[in-house]
Chemist: 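The structure is given below, and queries will be raised subsequently.
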Amino acid sequence: MRQRWVSYRFFFVALLARFFLGEQISKVRLVTIVVGFVGVMIVVRPTFEDSQGVYVLTGLFAALGAGIAVICVRQVAQSEPKITLMAYQALAVGIISMVPAIYMWRTPSFEDLLLLLLVGVISSLAQYVGITAYKWAQANIVANVEYVKIIYSIIIGFVVFAEVPDTWSIVGAVVIVSSAVIPLVWSYSQKVSKEYLKC
């Protein structure tokens, strides 16, 4: 279910980047976004049978909020140091999560503390890399590449939880990879065509 809303976020990022950042969405880029989205849908295979309208709207609103956050990161990263952005986000998340954490507090064990520390380190590194990507590349391009996280989920599920992916998951993963390869193939073909015309 979560992957579905994550995939919707990419559409919001592309749309918002066009209007607020002036980023151009070429036909090839639009094709990659759509192909990647189709790949995600093949993997997730969503159904609304057990869903209610309010939950659907909540998910769409969350996806829109995540898209706005990406646009803000892209904009602020042009003038602020990456460490400043990371500090702002950590402070905001800490304050917001403090209320439910206090209400449902459970003292973590030593192993839990180690796992939480590991999550914090990995998340910080990922956030640093992500902010760097949004600083130097267009938001709609970086957001499209993030489709690959679905493949990571499949691999981690297999290695850590022994979850064997079914045929549709493998097909969806191939489609997702193809969405990232399309721009490379198109760029290479354009380069070859220009060189051929020069000759």
Chemist: Taking C-beta and beyond as the side chain, do Cys72 and Ile68 meet within less than 4.5 Å on heavy atoms?
Modeler: yes
Chemist: Test of understanding: with side chain to side chain contact (heavy atoms under 4.5 Å, CB included), list the residues that count as partners of Trp105, not counting sequence neighbours.
Modeler: Thr107, Pro108
Chemist: Any heavy-atom pair between the side chains of Val121 and Leu125 that's under 4.5 Å?
Modeler: yes
Chemist: Between CH2 of Trp136 and CD of Gln78, what distance do you get to the nearest 0.5 Å?
Modeler: 8.0 Å
Chemist: Verify the cluster assignment for Trp168 and Val174: are they in a single hydrophobic cluster under the rule of side-chain heavy atoms below 4.5 Å apart?
Modeler: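 In one cluster with Trp168: Val174, no.
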Chemist: Which residues pass the side chain to side chain contact (heavy atoms under 4.5 Å, CB included) test with Ala77, sequence neighbours left out?
Modeler: Leu85, Ile131, Lys135
Chemist: Rounded to the nearest 0.5 Å, how far does CD1 of Ile83 lie from CD of Gln127?
Modeler: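 That separation rounds to 9.0 Å.
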Chemist: Just verifying a value: how many Å separate Gln89 CD and Ser123 OG, rounded to the nearest 0.5 Å?
Modeler: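 Between Gln89 CD and Ser123 OG, I get 11.5 Å after rounding to 0.5 Å.
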Chemist: Checking the side chain of Ser97 only, and the main-chain atoms of Val93 only, is there a donor and an acceptor separated by less than 3.5 Å?
Modeler: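 Yes; judged by distance alone, with no hydrogens or angles, the pair exists.
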Chemist: Kindly work out whether a path of hydrophobic side-chain contacts (I/L/V/M/F/W/Y, heavy atoms less than 4.5 Å apart) joins Ile155 to Val164.
Modeler: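 Same cluster.
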Chemist: Under 4.5 Å between any side-chain heavy atoms of Tyr128 and Lys82, yes or no?
Modeler: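 Yes, close enough: below the 4.5 Å cut-off.
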Chemist: Would you give the length of the straight line joining atom CD1 of Ile71 to atom CZ of Arg74, rounded to the nearest 0.5 angstrom?
Modeler: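 Ile71 CD1 to Arg74 CZ: 9.0 Å, rounded to 0.5 Å.
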Chemist: Which is it for Leu118 and Leu114 under the side chain to side chain contact (heavy atoms under 4.5 Å, CB included) test, yes or no, and what are the steps along the way?
Modeler: CA-CA 6 Å; Leu118 181 62; Leu114 290 179; over 6 Å; no
Chemist: Which residues pass the salt bridge (Lys or Arg N to Asp or Glu O under 4.0 Å) test with Asp112, sequence neighbours left out?
Modeler: none
Chemist: Quick check: are there more than 12 heavy atoms from other residues, nucleotides or ligands sitting under 6.0 Å from CD of Glu111?
Modeler: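 At most 12 heavy atoms, drawn from other residues, nucleotides or ligands, come within 6.0 Å of this atom.
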